[in-house]
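So the structure is just underneath, and the comments pick up after that.
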Amino acid sequence: MSNQDIINGYKIIPMTSSEENYLIINYDSYDSIYGNIFIASTNKGICYIGLGSETEMLEELRKRYSLSDLVKKTDQQHSAAISQITDPDSAAEITFHIKGSDFQLEVWNELLNTECGKTCSYKDIAEKIGKPKAVRAVATAIGQNPVTFLIPCHRIIRSDGTLGGYYWGLDIKKKILKHESFR
DNA sequence: CCCTAACTAGTCT
DNA sequence: AGACTAGTTAGGG
């Protein structure tokens, strides 16, 4: 299974370490239904989405892509992301350019198969990637997802139906799920 | 229903 | 090597 398959209009391009050198990353902050949202992208795809002040997010971005050049500049990809977040059901085509271990990329790729408005369990994801016993590792990898909202880590909940965790806070997880099931 | 223990594999120190 | 996890299951209160 390739990491560059197109799934529901989404595609993940893994960022190699050589690519990361002197890579130009455009970032900016935008207003959204979830408040201020921070989006960053390379010339190949979106590499980070986060919630919080630009100062905090910039620091986070520098940690993740320490060798790249960060430039405050709006981008067509950013507006595509915003409209997709606003209307999660719309069939947009969005590409991600993200760094991660083989395992992480495999997990994030699998998340793209989850349907809007539905949920599935961490165990389901572990089984789908053929490592049914790696549930906890899968959960950790999901938590490291650099592109919140668009790589739908919020749709993954525990087997017993409870919400499980969420990096940006459980209230946001609830809010997204509610927004997605409206239709 | 809540609690604990055992199990599990990837990542970080 | 050891200590963490956005988990799961089985068991006992």
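Quantities reported herein were computed from a predicted structural model and do not represent experimental measurements. A, B, ... follow the sequence lines: proteins, then strands. Residue 1 opens every chain.
Scored by the ring pair (Phe, Tyr, Trp, His ring centres under 6.0 Å) test, A:Tyr48 finds no partners at all (sequence neighbours excluded). Take A:Tyr122 and apply the ring pair (Phe, Tyr, Trp, His ring centres under 6.0 Å) test, not counting sequence neighbours, and it matches no residue. Checked against ring pair (Phe, Tyr, Trp, His ring centres under 6.0 Å), A:Phe103 has no partners two or more places apart in sequence or in another chain. Residues meeting the side-chain contact (heavy atoms from CB on, under 4.5 Å) test with A:Gln77, sequence neighbours left out: A:Ser41, A:Ile46, A:Asp75. Residues passing the salt bridge (Lys or Arg N to Asp or Glu O under 4.0 Å) test with A:Lys173: none are found, sequence neighbours excluded.
In this structure, A:Val71 shares a hydrophobic cluster with A:Ile24, the cluster being traced through Ile, Leu, Val, Met, Phe, Trp and Tyr side chains under 4.5 angstrom apart. In the hydrophobic clustering, where aliphatic and aromatic side chains (Ile, Leu, Val, Met, Phe, Trp, Tyr) are joined below 4.5 Å either directly or transitively, A:Tyr22 stands alone.
Under the ring-ring contact (aromatic ring centres under 6.0 Å, His included) criterion, the residue pairs touching residues 53-82 of chain A are A:Tyr30-A:His78, with sequence neighbours excluded.
Within residues 147-164 of chain A, no residue has any heavy atom under 4.0 Å from DNA chain B.
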Exercise. Return one dot-bracket line describing DNA chain B 5' to 3' (Watson-Crick or G-U wobble pairs, both distances under 3.5 Å; ( ) same strand, [ ] crossing, | another strand, . none).
Key: |||||||.|||||
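The nucleotide range of DNA chain C contacted by chain A, defined by atoms under 4.0 angstrom from heavy atoms of the protein and reported 5' to 3', is C:dT5 to C:dT9.
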All N/O pairs under 3.5 Å across the protein-nucleotides 5-13 of chain B interface:
unit_1: B:dT11; atom_1: OP1; unit_2: A:Ser101; atom_2: OG; d: 2.2

